[in-house]
Amino acid sequence: MTDAPVSKPKSSLLVQDARTKRRNASEARFKIYGLAAIGIGCAFLLTLLTAILFNGVPAFKQTFVTLSVTLDPAAIEDAENSTLKTAKYKAMVSEALLAELTEVGIQTDMDPTKLGDMLSSATGDQIRTYALAHPEQMGQTVEFTVLGSSRVDGYMKGRVTREALANDKNLDAEHLDIVDQLAAAGKLSLKFNPAFIFGSDASEKRPEQAGLGVSVVGSFIMMLVVLFLSLPIGVAASIYLEEFAPKSRLTDLIEVNISNLAAVPSIVFGILGVAVFIQFGGGSLGIDALRKSAPLVGGLVLTLMTLPTIIISTRAALKAVPPSIREAALGVGASRMQAVFHHVLPLAAPGILTGTIIGLAQALGETAPLLLIGMVGFVATNYPSGFFDAFTAPNSAMPAQIYEWAKRADPAFYERAWGGIIILLVFLLALNIIAVILRSRFERRW
Amino acid sequence: MSFMKLTASTIAIAAVSAGAAVARDNVQVAGSSTVLPYASIVAEAFGENTDFPTPVVESGGSSAGLKAFCEGVGENTIDIANSSRKIKDSEIETCAANGVTDIMEVRIGYDGIVFATDASNGADWAMTPSDWFNAIGAKIVKDGALVDNTNETWADANAALPANPIQAFIPGTKHGTREVFEVNVIVQGCKDTGAFDLFKAANGDDDKAAEASCMEIRTDGKSVDIDGDYTETLARIDSDKTAFGVFGLSFYENNTDKLQVATMNGIAPSTETIADGSYPVSRPLFFYVKKAHIGAIPGLKEYAEFFVSDDLAGPNGPLAAYGLVADPELAATQAAVAAEEVMAK
């Protein structure tokens, strides 16, 4: 790398010398690196989205069987007198299925109980609930649309094959022949299943019945708690720190700690939640509402987690308001509080709201702290009885429910976990779109 | 300022209403992830068939469940701990120290532990406890002396087995399954291969120390502890096709298309072979009830009675259909639950 010899004639500006070429080449290379980085990122995103859609979309459909069940008063009375009433009702459905097969001309020598393995065990409760609610239809034949079992559903979706059933004790290949014939007769089909979005969790024996609805309510309640606690606390703290607090060692220390808190792993807040809210608040202080699995406690834990995010973004929004606004307000005789609440805060509001929504979105997708406060397991089984009950009734949250499904034994739950991710992503996307709209519509630039 | 007032009043209303909430009306259960499927089936049926709300069932492992169980008495503690092993004396002491004295022990049935590899590995897996000890024990017997385990393939452990590399995924120490695996397989294999006697001689005739030496698992990566659930073990086997994993019978029965199970001493695991005792690796499953909560928590005793009723835990009930091996002495258990019998101190 030496300078060009002096004797060489001066080249034209249009003709690039070696060094310019090298510099241009390195710039071109850098652009390629950048493009490659973006490309790899997009490829990952695309793989992820494809995997989610490919695995998750089938969860929104479910196999249903249409059959007519006779509500025999004697059989119902017998069932009502037993311990496991729903199992007796299920046996009635199995008999009805056999009758249905004979009617559409399908031959089988399977006994009704074994035949009944094709149907979900949830059908027993479905028929019982209907029979108890409609005593006037006693003795009549009613047409029901019932859930097929998870294996039958898997076969309809291509997840379960005949070979895979070789060692399976829930279903035989013989059942699948009947499934094929029932489908041909129009009695069995895959349909859109709203219960997956609005239903409650089901036990490990009936993945076909499980839905995300109750945990959506749990998530919603926790977001309410987070919003109504962390927004006022966070905004008040930031206004004080930004506008009123004297610059001192103490405020510096607080500032550093808030930034540090934002980086604390969320599981730590979970442990804190157990110790402070459940064991101390619920146990030692005896506050009934603070108990295991309650969305109120979940919301409190997530509030702790979201506060630093909101304080940091609020302070940034307040800082972005030019000092001339404050000085002008003070100049015409406003008190400092009037200057802040009448002028600075309204101008900073879009930034604060954006930060809050991003914080909420973060909290919505959080699972780790919920593991510790009892929101993972067989929890989200019933809708709460009312708005206030929803705060204390045991419940799960969307990400916690997805985690729970992913670890259950039946592969059908795995499909539902992917489906749950789609619903969760829709919620997150909606929150983020709201944030983007707020920012673009109301944000002021100086 | 009206927004601030609105916020403040909403918080106040929420706080008051939450504080005024009634006492807990649902049964809270936590513990073993092996018992969880059964408990969730029972809880669901309990919610459907009775007027009580559906109990909440959490998992987390037997030890974690019993720890939560022993935290104390009161509404903010759990009512029932599920466990895939018997409660330990040390746990009973912790319980007593925290005021949990009257504990009802309920055995719900038996569960088999199976050893399975990826379905692509063929059906030629006739194993014995000795094979497992020779494969993953830290020290094994070679030419009458204890040496560090250097076996690389299953054929090294037992010439009759295929020469697949040894890679085992065994339950971590917080699982109740681990203890059963250690006692019924590793220690058994240790005794069968003669290592136990050598360990005993080396430890001055001390049975306990010899057993502890038997249970030492090699640490060169051939055996990996899995602290998560069986789904994690399944995922590991899925990515390492020749590896072996330890599963519960019910989990295996839900995934027969992916897993090939090994026979143990020539017996294939099934509810029948476990019930008659011919399959050697099984363990009882329990749940523990706080007697002090009966009466205070609505539905607690009813749930316990419902769980062990013939319709559920019996040989033709839904639990057996899911993979639980029904307890032949279920009637005695039912009587004990009905009488609220507590464990002897």
Side-chain angles (χ1 to χ4, degrees), chain A residues 82-87 121 124-125 128-129 160-161 163-170 201-206 224-225 228-229 231-232 278-279 282-283 287-293 296 341 371 374-379 381-382 387-389 391-394 404 406-411 414, chain B residues 1 4 7-8 10-11 14 17-24 26 28 30 33 36-45 47-49 53-60 71-72 74-78 228-232 250-251 253-258 261 306 309-312 317-318 321-322:
Chain A
S82 63
T83 318
L84 194 59
K85 307 174 181 84
T86 44
S121 59
D125 186 50
R128 176 168 186 249
T129 313
V160 173
T161 58
E163 298 80 60
L165 289 179
N167 294 321
D168 197 285
K169 64 169 203 172
N170 293 301
D201 191 17
S203 75
E204 311 236 358
K205 222 174 137 47
R206 12 175 131 149
L224 268 190
V225 175
F228 279 104
L229 286 179
L231 187 61
I278 297 177
Q279 287 173 355
I287 304 170
D288 264 348
L290 299 180
R291 58 173 83 131
K292 276 192 97 165
S293 313
L296 179 67
F341 281 97
L371 290 178
M375 298 187 80
V376 175
F378 183 63
V379 186
T381 48
N382 288 301
F387 179 71
F388 292 120
D389 184 50
F391 285 89
T392 51
E404 173 64 28
K407 66 194 180 88
R408 289 192 186 167
D410 194 321
Y414 199 61
Chain B
M1 291 294 278
M4 297 289 276
T7 315
T10 316
I11 293 173
S17 60
V22 286
R24 177 153 70 84
N26 60 292
Q28 291 248 5
S33 41
L36 175 75
Y38 306 118
S40 75
I41 290 168
V42 175
E44 186 172 65
E48 281 174 4
N49 285 292
T54 312
V56 170
V57 191
E58 293 170 53
S59 62
E71 258 165 19
E75 257 185 37
N76 67 328
T77 59
I78 60 170
D229 293 274
Y230 294 134
T231 14
E232 191 186 334
S250 59
F251 188 91
E253 288 191 333
N254 269 298
N255 292 281
T256 46
D257 54 330
K258 301 188 197 80
V261 74
F306 188 74
S309 66
D310 286 332
D311 282 342
L312 277 128
Y322 192 80

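First the proteins, then the strands, lettered A, B, ... as listed; each starts at 1. Note that the coordinates shown come from a computational prediction; the quantities given were computed from them, not determined experimentally.
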Test item: Glu48(B) side-chain N/O and Asp125(A) main-chain N/O as donor-acceptor pair under 3.5 Å: no
I'd like to know which of Asn255(B), Thr256(B), Asp257(B) tops the heavy-atom pair count under 4.5 Å against chain A. Thr256(B)
Using non-hydrogen atoms only, which part of Tyr230(B) is less than 4.5 Å away from chain A: side chain, backbone, both, or neither? neither
How about Leu312(B) and Pro318(B): do any of their side-chain heavy atoms sit closer than 4.5 Å? yes
Hey, which of Glu204(A), Arg128(A), Gln279(A), Lys205(A) has the most heavy atom pairs under 4.5 Å with chain B? Glu204(A)
Report yes if some heavy atom in the side chain of Asp389(A) is under 4.5 Å from a heavy atom in the side chain of Thr392(A); otherwise report no. yes
Please classify the contact between Ala202(A) and chain B as side chain, backbone, both or neither, with a heavy-atom cut-off of under 4.5 Å. both
If you count heavy-atom pairs within less than 4.5 Å of chain B, which of Thr83(A), Leu224(A), Thr381(A) leads? Thr83(A)
Do Thr54(B) and Phe378(A) have side chains that approach each other closer than 4.5 Å (heavy atoms only, starting at C-beta)? yes
Measure the shortest side-chain to side-chain distance between Asn26(B) and Pro55(B) over non-hydrogen atoms and say whether it is less than 4.5 angstrom. no
Kindly write out the residues that satisfy side chain to side chain contact (heavy atoms under 4.5 Å, CB included) with Ala30(B), not counting sequence neighbours, or none if the list is empty. Glu58(B), Ile78(B)
For each of Lys407(A), Lys85(A), Arg408(A), Lys292(A), tally heavy-atom pairs with chain B at distances under 4.5 Å, and name the one with the top tally. Lys407(A)
Between Gly377(A), Gly374(A), Ala87(A), which has the largest tally of heavy atom pairs under 4.5 Å with chain B? Gly374(A)
Do Tyr38(B) and Ser250(B) have side chains that approach each other closer than 4.5 Å (heavy atoms only, starting at C-beta)? yes
Got more than 12 heavy atoms from elsewhere within 6.0 Å of OH, Tyr322(B)? yes
Could you look at Phe306(B) and say if it's the side chain, the backbone, both or neither that has a heavy atom under 4.5 Å from chain A? side chain
Option that, when pairs with chain A are counted at under 4.5 Å, heavy atom only, ranks first among Lys258(B), Gln28(B), Glu232(B): Gln28(B)
Under 4.5 Å from a heavy atom of chain A, the part of Glu71(B) involved: side chain
Chain A heavy atoms under 4.5 Å from Asn49(B): which part of the residue, side chain, backbone, both or neither? both
Of all residues at least two apart in sequence or in a different chain, which pass the salt bridge (charged side-chain N to carboxylate O under 4.0 Å, His left out) check with Asp311(B)? none
Is chain B contacted by the side chain of Asn382(A), its backbone, both, or neither, given a heavy-atom distance below 4.5 Å? side chain
Measure Ala321(B) against the heavy atoms of chain A and call it side chain, backbone, both or neither at under 4.5 Å. both
Side chain from CB out, backbone as N, CA, C, O: work out which of these in Glu253(B) comes under 4.5 Å of a heavy atom of chain A, or both, or neither. both
